[in-house]
Amino acid sequence: MLKADVEVDRREFTLRATIEVAPGQRLALFGPSGAGKTTLLEAIAGLVQPARGTITLAGQVLTSTVRPAVSVPAWSRQVGLLRQDPGLFPHLSVRDNLAYARSVDPAGPELAELAAALGIDGLLKAMPARLSGGQQHRVALGRLLLARCRALLLDEPYSGLDAALRRSLTALVVAMVADRGVPAVLVAHELADAQAFAHRMAVLDRGTMLQVGGPDEVVRRPASRRVAELVGYLGFVPVTEGPAAGLTAGIHPDRVVTGADAARGVVLTGTLAACRPSGAGWEADLALDGAAVTVRLAERPVTDGGQLTVTATDPPLFGPDGAAAAPGRAPDTPAAGSPSP
């Protein structure tokens with residue numbers, strides 16, 4: 001079990017974070033740039049000293065500011081940290097880069113089996129300069145796994161790679177974490193990367209952990225309007241009638257259907273301000289009375305300037321302070337904007 005309950009003073013804010021990751025589990029730290037995600041990884045790895053708090057791994061205290069203070073050096077923690085830069089040794093072959101992690105036989109079966117699993121078994125004699133970005137990341141991941149670390153920390157290691165390669169490497173890491181039974185923590189600022197990786201997701205913003213839960217729970221039931229903004233809600237509509245009057249409904253572009261269906265959620269009617277292709281569907285900007293939302297639809301809606309009615313299915317509600325008001329909408333509650341037909 002990896003546990004961290006720390007405070008790290010930064011110039012802009014103080015990071016306050018508490019996490020627990022069991023062996024074989026995966027936690028994603030999600031949030032905007034500068035939220036403190038990397039700082040937390042560096043504290044766990046022993047590269048940053050917390051002002052206050054404790055970090056333990058498999059029952060061993062790695063960091064403690066309680067007297068007598070403990071600070072195990074980074075090189076003795078058996079914690080693997082993989083960053084955006086693969087950090088390969090340019091003068092060593094792929095085989096020697098892999099074997100450098102610990103005293104593993106460069107010609108032995110362990111290295112050969114892992115190289116085959118990573119799809120780099122045909123590159124063992126190659127030098128890093130001759131590898132593609134994806135191949136370099138696979139070598140760096142292999143080196144980390146051969147080190148037999150007790151925990152894996154991944155700091156946006158696939159940033160800049162294409163989406164298909166990110167999915168492939170993420171699936172590989174997920175399988176390896178399950179096979180090795182080690183706790184793993186991924187820093188991500190792309191929601192899709194966090195969701196593809198994690199059992200649980202922690203949302204950070206300016207050093208504060210806003211919500212921790214399953215990836216689906218965090219997106220569908222954000223604990224606050226700020227969490228909703230971070231996980232992709234692109235419109236907030238005031239409720240003017242019914243039991244939820246005075247609250248605000250969060251509108252996620254992917255949780256919208258065409259037409260009026262009050263039994264499923266909040267009905268919105270407004271003017272189509274703009275429309276553009278989005279993947280296999282369409283993304284539309286809808287201007288309401290005093291609000292604006294963005295929605296994604298399967299089919300091209302009416303022409304720009306026309307009226308469009310959609311239903312936001314089971315949207316979260318937020319109070320005036322921005323906190324979630326209830327685990328779902330109040331029944332039979334229309335939202336503001338233009339009245340539904």
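Taking the side chain to side chain contact (heavy atoms under 4.5 Å, CB included) definition, one finds that D179 meets it with nothing, sequence neighbours left out. Not a single salt bridge (charged side-chain N to carboxylate O under 4.0 Å, His left out) links E299 to another residue, sequence neighbours left out. The side chain to side chain contact (heavy atoms under 4.5 Å, CB included) check on S224 picks up R226, V227, with sequence neighbours excluded. The side chain to side chain contact (heavy atoms under 4.5 Å, CB included) search around P86 returns L88, Q136, H137, A140, not counting sequence neighbours. Looking at residues two or more places apart in sequence or on another chain, you find a ring-ring contact (aromatic ring centres under 6.0 Å, His included) between Y233 and H252. For V72, the side chain to side chain contact (heavy atoms under 4.5 Å, CB included) criterion is met by Q60, L62, V70, S76, R77, not counting sequence neighbours.
One finds the CG atom of L297 at 9.5 Å from the CD atom of E283 (value rounded to the nearest 0.5 Å). Separation of atoms CG (L41) and CG (L152) is listed at 11.5 Å; rounding is to 0.5 Å. Atom CG of residue D155 and atom OG1 of residue T39 lie 9.5 Å apart, to the nearest 0.5 angstrom. Rounded to the nearest 0.5 Å, atoms CG (L81) and CG (L47) are 6.5 Å apart. The CG atom of L118 sits 6.5 Å away from atom CG of L145, with the distance rounded to the nearest 0.5 Å.
For residues 173-219, there are no ring pair (Phe, Tyr, Trp, His ring centres under 6.0 Å) pairs, not counting sequence neighbours. Sorted by first then second residue, the salt bridge (charged side-chain N to carboxylate O under 4.0 Å, His left out) pairs that include residues 110-120, not counting sequence neighbours, are R102-E110, E110-R148. For residues 45-69, the pairs satisfying salt bridge (charged side-chain N to carboxylate O under 4.0 Å, His left out) are E7-R52, D9-R52, with sequence neighbours left out. The list of salt bridge (charged side-chain N to carboxylate O under 4.0 Å, His left out) pairs with a residue in residues 125-139, not counting sequence neighbours, is empty. Within the structure, the salt bridge (charged side-chain N to carboxylate O under 4.0 Å, His left out) test picks out the following pairs touching residues 156-174 (sequence neighbours left out): R166-D193.
A donor-acceptor distance shorter than 3.5 angstrom exists from the side chain of K37 to the backbone of P32, with no hydrogens or angles considered. R95 places a side-chain N or O within 3.5 Å of a backbone atom of P106 that can act as its donor or acceptor partner.
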As a quick check of understanding, evaluate side chain to side chain contact (heavy atoms under 4.5 Å, CB included) for V256 and L268, giving each step before the final call. CA-CA 10 Å; V256 172; L268 306 169; over 6 Å; no
Give the C-alpha distance, both sets of side-chain angles, the deciding distance and a yes or no for side chain to side chain donor-acceptor pair (under 3.5 Å) between R225 and T248. CA-CA 9 Å; R225 177 164 172 164; T248 299; 4.6 Å; no
Test salt bridge (Lys or Arg N to Asp or Glu O under 4.0 Å) on E42 and R83; report intermediate values, then the result. CA-CA 11 Å; E42 291 176 340; R83 298 182 184 270; 3.3 Å; yes
Under the side chain to side chain contact (heavy atoms under 4.5 Å, CB included) criterion, do R26 and V174 qualify, and how do the steps go? CA-CA 8 Å; R26 307 178 304 276; V174 167; 3.6 Å; yes
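For the pair C149 and V79, the minimum side-chain heavy-atom distance is 4.5 Å or more. By the 4.5 Å heavy-atom criterion applied to side chains, F89 and D96 are not counted as neighbours.
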With a 3.5 Å cut-off and sequence neighbours excluded, list the donor-acceptor pairs that the side chains of residues 206-214 form with protein atoms.
{"from": "R206", "atom 1": "NH2", "to": "E12", "atom 2": "O", "distance (Å)": "3.2"}
{"from": "Q211", "atom 1": "OE1", "to": "A223", "atom 2": "N", "distance (Å)": "2.7"}
{"from": "Q211", "atom 1": "NE2", "to": "R221", "atom 2": "O", "distance (Å)": "3.1"}

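Of all heavy-atom pairs spanning V267 and A260, the tightest one is CG1-CB, 3.8 Å. The shortest heavy-atom contact between T65 and P50 is CG2-O, 3.7 Å. Closest of all the heavy-atom pairs between T269 and L288 is O-CD2, 3.5 Å. Of all heavy-atom pairs between P315 and V266, the closest is CG-CG2, 3.6 Å. Minimum heavy-atom separation, P90 to P128: O-CD, 3.8 Å.
Neither side chain, D5 nor T54, offers a donor N or O lying under 3.5 Å from an acceptor on the other.
Hydrophobic clustering (ILVMFWY, side-chain heavy atoms < 4.5 Å, transitive): V218 and F318 are in one cluster. Criterion: ILVMFWY side-chain heavy atoms under 4.5 Å apart, direct or through other members. Under it, V185 and L144 are not part of a common hydrophobic cluster.
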